[in-house]
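Down below is the structure, laid out as C-alpha cells.
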Amino acid sequence: MGSVQRAMRLLEAVAEHEHGAPAKQLARETGLALPTAYHLLRTLVHDGYLRRDRGLFFLGEAAERLSSSGAQQKRRSTVVEVLAHCRDLIGAPVYYAQYRDGEIEILCVSDTPGNPAVEEWADFRETAHAHAIGQCLLAQLDEEARRDHLDRYPVRSITPYTVRDNHNLLRRLERTGRMEPVIERQEYALGTVCAALPITLGNTAATMAISLPGHQADRLLAATQQLQGEIGRLMGPLAISISI
C-alpha cells in the first residue's frame, strides 16, 4: 500500500508539470528519497503511466486513458444530474437521446416509481416515426438523412394514432421548425402523451423529452415550456456534456 501511495504522489506531481519535470525535482516535491523516486518512476514508465524524454517525466498513455475515462464519467454525471433536476421540477420522466451513426439512441432516462418512464414495448430505434423523441431527431436531419432512415425503418402502425406512411411523416417533419418542440399524443403508446425539444450543437442532433399519462394531457404544454426554460438555463453544462 505504501508503494502505491508513493507512486500516486509521483503521478500527481508529474501532472502538475505540463512541460515535464526531472526525477530530482519530483523526489523533492513528493518528499521521497531519490533512489525510491527513481525506482517508482522507472516502474511507472515501464507500465505506460509515465514517459521519459530527455531526462524529463511526462504523463503516459495509460494515465491519459484514465483521465479521459474520468472526464467522460463526469460528463455523463452532468447529464444525469440535469435530467434528475428537470424530472423533480416538472414531475415527469425526462429522456435524453441523440441521433448517432444513423440510429436513434436513448442515452439516459430519469424517472421515479411514481412517474415511471414509457415502457419500450416496440424498439425505439425502429419506431422513430411514432414517438416524440424520434420525430424530434428526424426533424433535425436533412432530407437525405431522413429518407435513408425511413428506407431502413419504414413507417408502420403502432397505435391507431400513428402516422400512416412515409409520405405523411415527411410532410409533418417538413412543417416542423428545426428548433420547435414536437408533441405526440398516443402515437407510440396508448394512454401516453409526450413532448421532445431539440438540442442541436454543431453536427449533433439531440433531444430532451418528457412523457405524461393520458389523464395529465392537459399539463403537457405547460410542462414542455417549463422544460424548454430549464434547457435554456442549463445549456452551458449540458453543452459541455453533449458528447456523452
Side-chain angles (χ1 to χ4, degrees), residues 72-100 103-140 156-163 176 179-201 204-244:
Q72 184 177 15
Q73 289 180 10
K74 184 175 181 179
R75 291 195 299 270
R76 185 181 297 274
S77 295
T78 298
V79 174
V80 169
E81 290 170 4
V82 168
L83 263 63
H85 165 78
C86 293
R87 175 203 68 202
D88 294 341
L89 183 69
I90 299 170
V94 183
Y95 310 76
Y96 175 73
Q98 289 184 4
Y99 194 85
R100 299 198 299 196
E103 300 291 346
I104 303 289
E105 294 190 25
I106 297 180
L107 299 172
C108 188
V109 179
S110 186
D111 64 353
T112 64
N115 293 301
V118 176
E119 181 182 355
E120 186 179 1
W121 71 277
D123 193 327
F124 282 138
R125 294 171 301 176
E126 299 178 5
T127 56
H129 61 281
H131 49 74
I133 287 173
Q135 292 175 28
C136 186
L137 291 174
L138 292 177
Q140 296 177 60
R156 58 188 176 91
S157 294
I158 305 297
T159 77
Y161 302 96
T162 307
V163 64
T176 303
M179 299 309 294
E180 289 182 7
V182 172
I183 303 296
E184 169 261 302
R185 302 178 187 274
Q186 302 191 87
E187 295 181 44
Y188 176 79
L190 292 175
T192 301
V193 296
C194 304
L197 290 159
I199 303 172
T200 302
L201 297 171
T204 301
T207 180
M208 282 179 64
I210 55 173
S211 63
L212 291 170
H215 68 271
Q216 296 184 26
D218 59 343
R219 60 181 289 254
L220 181 63
L221 294 181
T224 303
Q225 291 173 353
Q226 196 171 16
L227 178 62
Q228 195 166 27
E230 287 303 299
I231 291 175
R233 191 175 68 83
L234 299 169
M235 181 51 73
L238 192 61
I240 295 172
S241 307
I242 203 75
S243 60
I244 179 175

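No experiment lies behind these values; they were computed from the predicted model shown.
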With sequence neighbours excluded, what pairs up with [X] under the side chain to side chain donor-acceptor pair (under 3.5 Å) test?
| X | answer |
| --- | --- |
| Gln216 | Arg219 |
| Arg125 | Asp123 |
| Glu105 | Arg100 |

Over all atoms of both residues, closest heavy-atom pair of [X] and [Y]:
| X | Y | result |
| --- | --- | --- |
| Glu184 | His131 | OE1-CA, 3.6 Å |
| Tyr96 | Met208 | CD1-CG, 3.9 Å |
| Ala195 | Ile183 | CB-CD1, 3.5 Å |
| Asp111 | Ala117 | OD2-N, 2.9 Å |
| Thr162 | Ile158 | OG1-N, 3.2 Å |
| Leu212 | Ala92 | CD2-CB, 3.7 Å |

Checklist line | Ser157 side-chain N/O to Thr159 backbone N/O, donor-acceptor pair under 3.5 Å | finding: no

Check: Where the side chain of His129 meets the backbone of Val163, is there a donor-acceptor pair that is under 3.5 Å apart?
Finding: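 The answer is no, because no donor-acceptor pair under 3.5 Å joins these two groups.
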
Margin query: I need the Ile199 CD1 to Thr204 OG1 distance, nearest 0.5 Å.
Written below: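 Going from CD1 on Ile199 over to OG1 on Thr204, the span is 11.0 Å.
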
Next item on the list: To the nearest 0.5 angstrom, please state how far the CD atom of Glu119 sits from the OG atom of Ser211.
Entry: 12.5 Å

Taking the side chain as everything from C-beta on, heavy atoms only, tell me whether [X] gets closer than 4.5 Å to [Y].
| X | Y | result |
| --- | --- | --- |
| Gln140 | Leu137 | yes |
| Ile231 | Leu197 | yes |
| Ile106 | Glu120 | no |
| Val182 | Thr207 | no |

Check: Quick one: salt bridge (charged side-chain N to carboxylate O under 4.0 Å, His left out) partners of Asp218, sequence neighbours excluded?
Finding: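 Testing Asp218 for salt bridge (charged side-chain N to carboxylate O under 4.0 Å, His left out), a comparison that skips the adjacent residues, returns none.
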
Next item on the list: Taking salt bridge (charged side-chain N to carboxylate O under 4.0 Å, His left out) as the test, write out the residues that go with Glu180, two or more places apart.
Entry: none

Could you work out, with side chain to side chain contact (heavy atoms under 4.5 Å, CB included) as the rule, every residue matching [X], not counting sequence neighbours?
| X | answer |
| --- | --- |
| Leu89 | His85, Gln226, Glu230 |
| Ala209 | Tyr95, Ile133, Ala196 |
| Thr112 | Arg87, Asn115 |

Note to self: Thr224 vs Ile210, test: side chain to side chain contact (heavy atoms under 4.5 Å, CB included). Steps then yes/no.
What the structure shows: CA-CA 8 Å; Thr224 303; Ile210 55 173; 4.1 Å; yes

Check residues 186-194 and write down every donor-acceptor pair under 3.5 Å in which the side-chain atom is one partner and the other belongs to a residue at least two apart or another chain.
residue	atom	partner	partner atom	Å
Gln186	OE1	Gly191	N	2.9
Glu187	OE1	Gln135	NE2	3.2
Glu187	OE1	Arg172	NH1	3.0
Glu187	OE2	Arg172	NH1	3.3
Tyr188	OH	Trp121	N	3.2
Tyr188	OH	Ala122	N	3.1
Tyr188	OH	Ala122	O	2.5

